[in-house]
Amino acid sequence: MSPKLALDPLLTVRGKQPKGAYSMISRDEAKQIILESFEEQALVIGGLVAVHKVDDDLVWRLMKSFDVILGKAIKRLHLEPSEQDKEATPGRVNAKPHPAIEEFLLKLERES
C-alpha cells in the first residue's frame with residue numbers, strides 16, 4: 001500500500017473527496033500515529049511526575065501497562081480484520097475507576 005493516503009474512487013468527485021469522507025492510511029502510518037500518541041502520553045505522565053509527588057511503583061506499573069497496550073496495538077496492526085475479532089479481551093476488574101478516568105473513558109466512547 002502506498003505511504004500516501006489512498007483515495008476511494010467512489011467518494012472522489014473531480015479529484016476531490018467530499019468533506020467528511022474517509023481515506024485509508026497505510027499500516028506504517030497507523031503505527032506512526034500510535035507511537036506518537038504513546039510518546040505524548042509518556043511525556044504527560046513524565047510532566048506530572050516531575051511536578052507532583054508520585055509513588056515510584058505507581059509510575060513503573062503505569063508505564064508497564066502502557067507498554068503492554070502499545071504491544072497489543074502494534075500487534076493488531078498486522079492482523080487481518082477477521083483475526084482481530086478473535087483476539088481475547090481480558091475481563092474487567094470490579095473496581096470503580098477514578099472519576100477523571102471514567103469521564104475520559106466516556107469521552108472515548110462518544111468519539112468512537
Are [X] and [Y] joined in one hydrophobic group, where the rule is that I, L, V, M, F, W and Y side chains link up if heavy atoms are under 4.5 Å apart?
X     : Y     : value
Ile74 : Val68 : no
Leu58 : Ile45 : yes
Phe66 : Leu77 : yes

With sequence neighbours excluded, give me every salt bridge (charged side-chain N to carboxylate O under 4.0 Å, His left out) pair touching residues 37-55. none
Just distance, no hydrogens or angles: give the donor-acceptor pairs under 3.5 Å from side chains in residues 103-112, sequence neighbours left out.
residue: Ser112; atom: OG; partner: Glu109; partner atom: O; Å: 2.9

Using a 4.5 Å cut-off on heavy atoms from C-beta on, say whether the side chain of Ile69 contacts that of Phe38. yes
Flag the pair Leu48 / Val54 as yes when at least one side-chain heavy-atom distance between them is below 4.5 Å, and no otherwise. no
If we check side chain to side chain contact (heavy atoms under 4.5 Å, CB included) with Lys31, which of these qualifies: Ile34, Leu35, Ile33? Leu35
Interatomic distance, CZ@Arg61 vs CG@Asp56, rounded to 0.5 Å, equals 11.5 Å
